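Working notes, beginning with the structure itself.
Every value quoted in this text rests on a predicted model; they were computed, and no experiment measured them. Any value given below was found using the heavy atoms of this structure, including those in side chains, with hydrogens, waters and symmetry copies removed. We count ligands from 1, going down the list as the structure has it; atoms in each ligand are counted the same way.
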Amino acid sequence: MYDVATFTLNPSLDHWSEAEEVVPVRKVRTVEERFDPGGGGINVARVVRELGGRPLAVYATGGFAGDAFAALVEQHHFDHRAVRISGDTRISHTVYDRANRQEYRFVPEGPRLTEQEREAFLAEIEGCEATYAVLSGSLPAHSGPDLAAEVVRRMRKTGARCVADLSGEALRAALDVGVHLVKPNLRELEALVGRDLPTRDDRRGACRDIVDSGGADTVALTLGAEGAMLATADGVLELTNPAVEVRSAVGAGDSFVAAMVVALARGRPTDEAFSYGVAAGAAAAMTPATELCRRADVEELFERIVRKGPPGRRR
Ligand SMILES: Nc1ncnc2c1ncn2[C@@H]1O[C@H](COP(=O)(O)OP(=O)(O)OP(=O)(O)O)[C@@H](O)[C@H]1O
Ligand SMILES: [Mg+2]
């Protein structure tokens with residue numbers, strides 16, 4: 001039995017490098033190159049393992065980049081199952097411009113899946129035994145909302161508690177089926193409800209609506225540097241981030257999800273799991289580049305949040 005099974009239909013071989021300055025036409029010389037296996041579910045599995053949980057990652061891969069991807073996943077020492085596809089796994093590029101302290105991120109849409117490949121992926125889900133099942137990251141190009149809905153249905157069939165970290169029509173489809181926990185950021189929540197949510201009351205209302213309509217038992221809205229908001233049938237809770245020196249917020253959302261789910265899988269109460277998520281998100285912001293979060297940072301920040309004591313709930 002795994003603590004957390006993650007499902008990644010469109011993983012990415014993440015390539016990172018740095019340049020003195022990114023300019024057109026001239027060759028931009030790069031240094032500090034590194035490759036990481038990425039995509040929402042893969043990042044979540046990496047952090048679950050970092051925090052001492054037992055993850056299983058299921059992903060679709062193909063082509064030479066898919067082989068390299070699988071070799072990189074192997075280095076992270078967690079169980080994983082690859083569903084082979086005919087298309088080439090995507091390669092994402094981030095170039096950090098040192099002069100302007102800006103990241104340029106190039107993210108391909110990735111391969112489409114054939115009907116048989118979808119079926120193979122869905123069949124793989126059914127054999128996964130885990131306390132929590134997480135669907136995270138973008139879905140394959142042109143797959144439409146039906147695939148997301150079907151993935152969530154199969155996840156539910158395994159008996160696991162389902163978690164969705166998705167955007168656009170995939171997010172809507174997952175909520176239509178119903179999940180235990182959903183983690184939108186503000187942009188994703190605004191797109192879902194079809195309007196801007198400038199005030200805390202607007203955001204509280206939108207989160208509560210998801211709970212009241214049965215889309216999710218728990219909504220964790222992450223607000224980047226502003227912190228996060230938790231909504232359940234018991235009410236709404238808000239947390240600001242512990243003060244940290246921010247290096248790169250890449251992977252903060254995935255770290256948040258992984259930590260919250262690890263704590264829930266350990267039987268911790270929802271409020272506490274939420275605080276652990278905020279600690280991991282802030283810890284991810286402390287690490288440079290594509291590095292996710294470190295366990296020692298997460299524990300230290302979590303202690304700080306607990307000592308401060310979370311604010312009370314509001315309806
Ligand atoms: N600049 C920051 N400083 C401190 N904490 C941060 C910062 N950015 C993010 N976090 C923490 O991480 C959590 C998740 O971050 P965020 O809301 O940016 O997720 P996201 O938009 O899903 O990110 P991702 O790009 O990884 O998908 C936040 O709720 C917050 O607790
Ligand atoms: Mg996110």
In this structure, which one of L189, L197, V236 forms a side-chain contact (heavy atoms from CB on, under 4.5 Å) with C207? L189
For V244, is at least one N or O under 3.5 Å away from an N or O on ligand 1? no
Paired with E18, the side-chain contact (heavy atoms from CB on, under 4.5 Å) test is passed by just one of R34, R98, R29, namely R98
Quick one: does ligand 1 sit under 4.0 Å from the side chain of L239, the backbone, both or neither, non-hydrogen atoms only? neither
Using a 4.0 Å cut-off to any heavy atom of G251, which atoms of ligand 1 qualify? 26 (O)
Ring centroid separation F69 to Y59 under 6.0 Å: yes
Does the side chain of E74 come within less than 4.5 Å of H80's, by heavy atoms? yes
V246, portion touching ligand 1 at heavy-atom distance under 4.0 Å: side chain
E238/R200 salt bridge by N-O under 4.0 Å criterion: yes
Any donor and acceptor pair, going by atom type alone, linking the side chain of T287 with main-chain N or O of L292 inside 3.5 Å? yes
K183 neighbourhood, listing ligand 1 atoms whose heavy-atom distance to it stays under 4.0 Å: 19 (O), 22 (O)
Does some non-hydrogen atom of the protein lie less than 4.0 angstrom from atom 10 (N) of ligand 1? yes
If the threshold is 4.0 Å, N to carboxylate O, is there a salt bridge linking E226 and R203? yes
Of the listed options (D165, L221, N241), which comes nearest to atom 5 (N) of ligand 1 when hydrogens are ignored and any heavy atom counts? N241
Suppose we measure from atom 12 (O) of ligand 1 to each protein heavy atom; which comes out shortest, and what is that distance? G281 CA, 3.1 Å
Examine ligand 1 and decide if any of its atoms is less than 4.0 Å from a heavy atom belonging to R187. no
Using a strict cut-off of 4.0 Å, indicate which atoms of ligand 1 neighbour a heavy atom of L223. 17 (O), 29 (O)
Give the atoms of ligand 1, by number and element, whose distance to some non-hydrogen atom of G253 is under 4.0 Å. 14 (C), 15 (O), 19 (O), 20 (P), 22 (O), 23 (O), 24 (P), 26 (O)
Consider every N or O of V250 and every N or O of ligand 1, then say whether any pair is closer than 3.5 Å. no
Within a distance under 4.0 Å of any heavy atom of G227, pick out the atoms of ligand 1 and give their elements. 28 (C), 29 (O)
Inspect the contact between R294 and E291 and indicate whether a charged nitrogen and a carboxylate oxygen are less than 4.0 angstrom apart. yes
Using a strict 4.0 Å cut-off to heavy atoms of V278, name the atoms of ligand 1 that fall inside it. 31 (O)
Return yes if some donor-acceptor pair links the side-chain N/O of R154 with the main-chain N/O of I125 below 3.5 Å, else return no. no
Shortest reach to atom 28 (C) of ligand 1 by a heavy atom, considering only A252, A228, G224: G224
